[in-house]
Structures are given as structure tokens and as C-alpha cells.
Amino acid sequence: MITSKRVALVVVAILTILFFLHSLRSSSPQHSPSDQLPKFVTSTRSSASQLKEDLRASMVEASRFATGKGSAAESLKLSSLQNPLKGLGTRSLREQLEYQFPYDPQSNFPAYIWQTWKHDPSEVSFEEEFRENEISWTQLHPGFVHEVITDDIAVHLLRHLYASLPDVLAAYHALPLPILKADFFRYLILLARGGIYSDIDTAALKPATDWVPAKIPRDSFGMIIGIEADPDRDDWADWYSRRIQFCQWTIQSKPGHPILRDVVANITEETLLRRDRGRLSRDHRGIVDFTGPALWTDIIFKYFNNPSVFDMSTSQGSVTWQHFTRITSAKKVGDVIVLPITSFSPGVKQMGAGEDDDDMAFVKHHFEGTLDDPFTPESLDTINILA
Ligand SMILES: *[C@@H]1O[C@H](CO)[C@@H](O)[C@H](O)[C@H]1NC(C)=O
């Protein structure tokens, strides 16, 4: 006999079973919250960082495109398209560098002093012998921002300054020796920010404001360089790679100077070329020449003889070492001031250099830091003093 009581019991039983089944199924995801939650969080995190990556990439692409034909707005639009690589390379590296770091000869020399070393002056490991040198720069240049850049900081700084020029960063990264990176860094920082670069083993003898006679207007030049070597002897080639060699342990420049643009483009292209041919770590002699004073000197002479920069019709022949040998006062070539050998190499007792107390002695180079570096003996001829 089916009573309403029985029906009610069956219904309750079925409902109970259904409820249990349901709660089993729905509770199963909550069963292991520790499994589920991290998965959710991870996937959110990864998509957020993916987004950041994408944003960063599109910003980089945008600024690269900005150096190409379209406007910045067009570039942004382009960069969000499927193939962001399309349209790259419409401008040469030199044009991209010029766009990023325009040169204004009328501008002031930025009040920066840049130096690089393994250790920060605030560390105990900073060598005592460099302390006096370092302080001399600060003391003679009140109001200047004076930075000693360590390797780690250099990497971050360059990543920031050259974010839109990945080839330049790749070349810096590919250089196999610290000395090559140090060479490259000085050109890169001066191109981007301007100011004075000087090696850590140099001491300032006179403030930079006194390096060039006051009668020469400051808006008529954008770079100051000095002579490293002027070996007036027949066997000079046994010792130096160039008859006149300009030094790159001290340089003052306005940002964007065409000489810096050319040297940065040259080292970038040369490095990537050698890397791709697998010739980067073997050819030591060659690699020292391709970032150091020999290249620096070649690039400067190339600039002095560039018909698109200078009016060659009024000059007699090309500008050569003969224009600079044994000079005793500053010489102006276009927008470049060339100082005599005494200015950045006083007291070397040769090649006509005056002593440290000479009126034209501005920076003393102690040749200390360079000797720690892993040079091969053959490469020393480009940096050593004639015995
Ligand atoms: C870099 O400059 C040197 C010296 O002028 C030259 O021999 C070399 O071919 C240049 N390299 C590139 C890639 O332009």
C-alpha cells in the first residue's frame, strides 16, 4: 500500500541522493583550493607580464618606427599590427642615431663628468690611488654632475638610453672584452648626453671652462679633443698605428656630435659583422683597433675631410696629421677644437709635450687603469708611451 508517508520518504530519499550527487560534483573544484588558486593567479600573472612585454615591445617598435617615414601616431598604429617588423630598416643606423640624438651646435656643453670603473667611489674596494684623481674632477667643476659608472649601472643606463636602437645594445653586449665595452661606453654616453668623459686614472689640472680661450665663442664648437701621440721619428710606425693619434681618455662634447654618431655606427656595424662571422673573440689585435684610438683618429680625420660638412673649395688639399704635428695652442677645425699634446698628456717627456705646470696642461693621465686590462702585448703599442 502506497501511503503518502512512503511517497514523502521516497521523495526525501531521492532528493537527498540528488543533493549529495550535486554537492559532490560542485564541491570537487573546491576540494583542492591550493591546486586551483595558484593556477588562476599564475595565469593572471603571466598574462599581465605578457601584456607588459607587449607594451614594452610596441613602445620600442613605436620609437623605431618614429625614426622611419610615418608620424609617431602612425607608428603606434603600425606597431600594434600583426607583423611589427614590417617597415623596419627604412632608415640607416646613422639616420636613426641622428633622430634619437640630434646635434645642436648652438647648445651649451652639458655639465656632466662621466667616468667608468669596476667599483663605485663609495665602495671600500675603490682604489686609493684613484681617489685623488676622482676628487680633482669634482673640485675643479662645482655645479657639474659627476658620475662614476660601474659595469652594472652602465648596462642599465644604456638599456634606457638606447632602448630604441637594439643593434647598438646587441653590439655592446657582444663585445668580448671589458676594455672594448669601456671604449664603446664613452662614445655612447657622450652621444646621448654630452659632457666630459675622462678615464678614472686621469686628474683634472684646470677646469674645463678654461680649456679653450675665452675669445672663441662657445656656440662655434661642439667637441674638444686632445693629441695622444705625435711621434716625430722615422720608426713611428713600430710604436703607433697613426702618425698623429687623438686620445680618447678625455673628450668633451655636446650631445649628438656627428663624430660620435659615426664612431657609434661604425663600432655597432663592425661588431655585429664580426660576431656573425664568428671573428669576435679571436682577433685581439684587430678588436683593440676597432674601438680604440686608431679608429677614433680615423673617424675624426674622415670628418675633417667630409665635403658635406666642410666647404672644401676654400681649403688647400685635405686635412692631415701635418696640420696638427707640434702644435702648441688650440686649433679649430670646423666645430672641433684640437688641443696640443701638452693639454691631455703633460709630463710625458717626449713628442714635444710640456710639463704638468705648463699653461696648456689641463688633464694628467696616469696610465694606471689601462694596464690591468687583458691586453695582448701587440695591442699595447696603441696605448703605451714611447720608451
Ligand atoms: C669603420 O671605420 C674604419 C676606419 O675608418 C673602416 O676601416 C671600417 O671599414 C669601418 N667599418 C664599418 C663597418 O663601417
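Numbering of ligands and ligand atoms starts at 1, following listing order. Just the heavy atoms: all of them, side chains too, but no hydrogens, waters or symmetry mates, feed the values below.
Note that Lys332 lies outside the cation-pi zone of Phe221, set by a 6.0 Å cut-off to the ring centre and a 45° limit from the axis. Geometrically, Lys254 engages Phe109 in a cation-pi contact, judged by NZ or CZ lying under 6.0 Å from the ring centre and within 45° of the ring axis.
A salt bridge links Glu270 to Arg274: at least one charged side-chain nitrogen sits closer than 4.0 Å to a carboxylate oxygen.
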Salt bridge (Lys or Arg N to Asp or Glu O under 4.0 Å) evaluation trace for Asp298 with Arg242: CA-CA 9 Å; Asp298 288 353; Arg242 303 294 180 269; 2.7 Å; yes
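Under the 4.0 Å distance rule, the nearest protein heavy atom to atom 14 (O) of ligand 1 falls inside the cut-off.
Given atom 5 (O) of ligand 1, the protein heavy atom at minimum distance is Asp298 CB, 3.9 Å.
When the options Leu93, Leu295, Val263, Asn266 are ranked by their closest heavy atom to atom 2 (O) of ligand 1, first place goes to Asn266.
Remark: ligand 1 atoms within the under-4.0 Å shell around heavy atoms of Glu270 are 8 (C), 10 (C), 11 (N), 12 (C), 13 (C).
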